[in-house]
Amino acid sequence: MNTIVTGLQWGDEGKGKIVDYLTETADVVVRGQGGNNAGHTVIARGTKYVLHLLPSGILWDGKKNFIGNGVVLDPIGLVTEIEKVEAQGVSITPDKLMISDRCHVVLPLHKELDAAREAALGDRKIGTTKRGIGPAYADKINRNGLRVADLLNEEYFREMLAHRTADANEVLKKFDLPTFDAEQQADEVLAAFARLRPHITNTIPALHKEWKDGKTILFEGAQGGLLDIDYGTYPFVTSSNTTSGGCCTGTGLPPTAIDEVIGVCKAYTTRVGAGPFPSVDEGLSQYLHDLGREFGATTGRARGCGWLDAVLLRHGCMVNGTTGLAVTNVDGLDNYETLRICIAYDIDGTRHELPPADRHAWDRAKPIYEELPGWMSDTTACTTYDQLPENAKAYLQRLSDLCDTPIKFIGVGPDRAQTIIR
Ligand code: GDP
Ligand code: IMO
Ligand code: MG
């Protein structure tokens with residue numbers, strides 16, 4: 001049974017926690033898109049781990065973790081991350097972590113170009129994580145990117161990086177920003193790469209072998225469906241296909257290898273960065289921030305919070321082919337008296353059950369809400385569905401009905417153990 005775990009909202013749904021939880025009964029975990037713009041928090045046996053490029057299966061011994069070809073790899077960032085996680089007692093050996101030789105490389109210059117572009121956009125900025133993701137994927141599509149396989153050929157890498165740096169410096173000069181020395185940049189990237197070298201391999205046949213041997217494979221999504229370059233709230237999106245199709249193009253495993261698609265969503269909605277958010281709610285944001293919740297793992301930014309939005313979830317379940325939902329952070333609503341779910345948008349007097357493509361229509365989208373009573377009790381110690389308060393069950397059932405998808409997992413706390421199977 002091979003399963004995709006993918007986010008249905010604007011990221012930070014709790015994918016890392018669900019992947020870590022499911023890894024116990026899996027053999028392989030693979031990431032297929034995104035880069036270290038991701039921040040996946042996993043709390044296991046009281047220890048908190050924050051993972052950016054490392055698949056969330058890394059915390060379990062005896063499991064194989066792959067970084068697939070669709071990921072954009074920042075070698076310097078990954079080495080820092082490995083060192084941090086190793087210092088927390090996790091072993092990261094070449095038989096436990098395999099990195100595709102086809103990954104595109106995020107260079108220091110990509111991060112600078114990312115920041116420069118955001119600054120130039122001013123009010124129209126996307127609010128990126130400034131991890132160089134957009135510029136690295138742009139180079140890939142523009143066919144002037146450098147791949148991990150190019151790092152194995154030092155002479156070629158230095159030569160190509162010199163060209164790429166010269167181009168980037170032209171842009172940076174226009175913004176009066178510091179330019180890059182190509183040799184120094186090459187030295188830094190190659191030094192980090194030396195640590196990663198034993199992990200580099202052709203992951204495609206390795207993953208196919210796991211599949212043919214009948215191993216259980218988990219595909220770990222990064223970001224969320226609404227940040228998908230095609231299906232998200234363009235242009236306020238990331239630069240990869242975050243929905244289930246991206247798992248195939250990003251790993252080399254075909255659609256026929258996939259049995260289940262678990263869509264992860266919070267019991268409410270959050271968004272970090274700019275862009276439309278019809279169901280955003282000041283009161284709910286304040287309430288969750290006062291509880292110390294909803295601050296980003298990668299940038300520390302406070303996430304905007306709002307009501308559950310079934311318009312977005314319906315769209316997400318459709319394009320992902322979701323076979324089951326994992327609803328996390330149910331405990332976040334434990335003490336809120338009246339809850340709302342956005343069931344449709346009113347745009348210029350017309351009811352919309354699915355999100356619009358026109359970016360200007362978002363500004364006029366008014367949520368149509370349904371109200372449900374809160375459960376006003378602590379769910380964090382519940383270990384079975386039956387133990388949940390009746391109003392919580394009714395809320396979850398309504399969500400399931402609106403998405404026409406069964407709920408398979410429920411999160412009632414950040415710890416690995418605080419997961420209920422339905
Ligand atoms: P990801 O990027 O999708 O992996 O999600 P993040 O880790 O960025 O954000 C989810 C946040 O919610 C993290 O702080 C998790 O520790 C936390 N979390 C996940 N599931 C639950 C849950 O069911 N309850 C609570 N209280 N926190 C959760
Ligand atoms: P995980 O995997 C939440 C958002 C950024 C910005 C937009 C583009 O932890 O769910 P980028 O740096 O990708 O060019 O930024 O996407 N974003 C995320 N928001 N969770 C993430 O990852 C995100 N990765 C990118 O805030 O709005
Ligand atoms: Mg996150």
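Start at 1 and go down the list; that is how both ligands and their atoms are numbered.
Across Gln185 and Thr165, no two heavy atoms sit closer than the pair NE2-OG1, 3.3 Å.
Sorted by first and then second residue, the side-chain hydrogen bond (donor to acceptor under 3.5 Å, both in side chains) pairs involving residues 385-402 (not counting sequence neighbours) are Glu370-Arg398, Thr383-Gln387, Glu390-Lys393, Gln397-Asp401.
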Using a 3.5 Å cut-off on N/O to N/O, what pairs does ligand 1 make with the protein? A line per pair would be great.
{"unit_1": "ligand 1", "atom_1": "2 (O)", "unit_2": "Asp12", "atom_2": "OD1", "d": "3.4"}
{"unit_1": "ligand 1", "atom_1": "2 (O)", "unit_2": "Gly39", "atom_2": "O", "d": "2.9"}
{"unit_1": "ligand 1", "atom_1": "3 (O)", "unit_2": "Glu13", "atom_2": "N", "d": "3.1"}
{"unit_1": "ligand 1", "atom_1": "3 (O)", "unit_2": "Gly14", "atom_2": "N", "d": "2.8"}
{"unit_1": "ligand 1", "atom_1": "3 (O)", "unit_2": "Lys15", "atom_2": "N", "d": "2.8"}
{"unit_1": "ligand 1", "atom_1": "3 (O)", "unit_2": "Lys15", "atom_2": "NZ", "d": "2.8"}
{"unit_1": "ligand 1", "atom_1": "4 (O)", "unit_2": "Lys15", "atom_2": "N", "d": "3.3"}
{"unit_1": "ligand 1", "atom_1": "4 (O)", "unit_2": "Gly16", "atom_2": "N", "d": "2.8"}
{"unit_1": "ligand 1", "atom_1": "5 (O)", "unit_2": "Gly14", "atom_2": "N", "d": "3.2"}
{"unit_1": "ligand 1", "atom_1": "7 (O)", "unit_2": "Thr41", "atom_2": "N", "d": "2.8"}
{"unit_1": "ligand 1", "atom_1": "7 (O)", "unit_2": "Thr41", "atom_2": "OG1", "d": "3.4"}
{"unit_1": "ligand 1", "atom_1": "8 (O)", "unit_2": "Asp12", "atom_2": "OD1", "d": "2.9"}
{"unit_1": "ligand 1", "atom_1": "8 (O)", "unit_2": "Gly39", "atom_2": "O", "d": "2.7"}
{"unit_1": "ligand 1", "atom_1": "8 (O)", "unit_2": "Arg303", "atom_2": "NH2", "d": "3.4"}
{"unit_1": "ligand 1", "atom_1": "23 (O)", "unit_2": "Asn329", "atom_2": "N", "d": "2.8"}
{"unit_1": "ligand 1", "atom_1": "23 (O)", "unit_2": "Gly411", "atom_2": "O", "d": "3.2"}
{"unit_1": "ligand 1", "atom_1": "23 (O)", "unit_2": "Val412", "atom_2": "N", "d": "3.4"}
{"unit_1": "ligand 1", "atom_1": "23 (O)", "unit_2": "Gly413", "atom_2": "N", "d": "3.3"}
{"unit_1": "ligand 1", "atom_1": "23 (O)", "unit_2": "Gly413", "atom_2": "O", "d": "3.3"}
{"unit_1": "ligand 1", "atom_1": "24 (N)", "unit_2": "Asp331", "atom_2": "OD1", "d": "2.8"}
{"unit_1": "ligand 1", "atom_1": "24 (N)", "unit_2": "Gly413", "atom_2": "N", "d": "3.1"}
{"unit_1": "ligand 1", "atom_1": "24 (N)", "unit_2": "Gly413", "atom_2": "O", "d": "3.4"}
{"unit_1": "ligand 1", "atom_1": "26 (N)", "unit_2": "Arg293", "atom_2": "NH1", "d": "3.4"}
{"unit_1": "ligand 1", "atom_1": "26 (N)", "unit_2": "Arg293", "atom_2": "NH2", "d": "3.2"}
{"unit_1": "ligand 1", "atom_1": "26 (N)", "unit_2": "Asp331", "atom_2": "OD1", "d": "3.4"}
{"unit_1": "ligand 1", "atom_1": "26 (N)", "unit_2": "Asp331", "atom_2": "OD2", "d": "2.7"}
{"unit_1": "ligand 1", "atom_1": "27 (N)", "unit_2": "Asn329", "atom_2": "OD1", "d": "3.1"}

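Looking at Ser56 and Glu220, their side chains do bring a donor and an acceptor atom within 3.5 Å of each other. In the model, Tyr49 has no side-chain atom that pairs as donor or acceptor with a side-chain atom of Asp20 under 3.5 Å. Looking only at atom types and distance, the side chain of Thr270 has a donor-acceptor partner in the side chain of Lys266 under 3.5 Å away.
Annotation: Phe409, atom CZ; neighbour count of heavy atoms from other residues, nucleotides and ligands within 6.0 Å is above 12.
A salt bridge between Arg45 and Asp415 is absent, with no side-chain N of the basic residue lying under 4.0 Å from a carboxylate O of the acidic one. Using a 4.0 Å cut-off between charged nitrogen and carboxylate oxygen, Arg303 and Glu294 count as a salt-bridge pair. Under a 4.0 Å N-O distance rule, the pair Glu260/Lys408 qualifies as a salt bridge. Taking a cutoff of 4.0 Å between a charged side-chain nitrogen and a carboxylate oxygen, Asp61 and Lys96 qualify as a salt bridge. Using a 4.0 Å cut-off between charged side-chain N and carboxylate O, Asp150 and Arg102 make no salt bridge.
Cation-pi geometry between Arg271 and Phe277 is not satisfied (NZ or CZ under 6.0 Å from the ring centre, within 45° of the ring normal).
For Trp60 and Tyr21, the ring centers sit 6.0 Å or farther from each other.
Protein residues having at least one heavy atom under 4.0 Å from any atom of ligand 2 are Trp10, Gly11, Asp12, Lys15, Asn37, Ala38, Gly39, His40, Ile126, Gly127, Thr128, Thr129, Ala222, Gln223, Leu227, Val237, Thr238, Val272, Gly273, Arg301, listed by chain and number.
Distances under 2.8 Å from the Mg ion (ligand 3) pick out the protein N/O/S atoms Asp12 OD1, Gly39 O.
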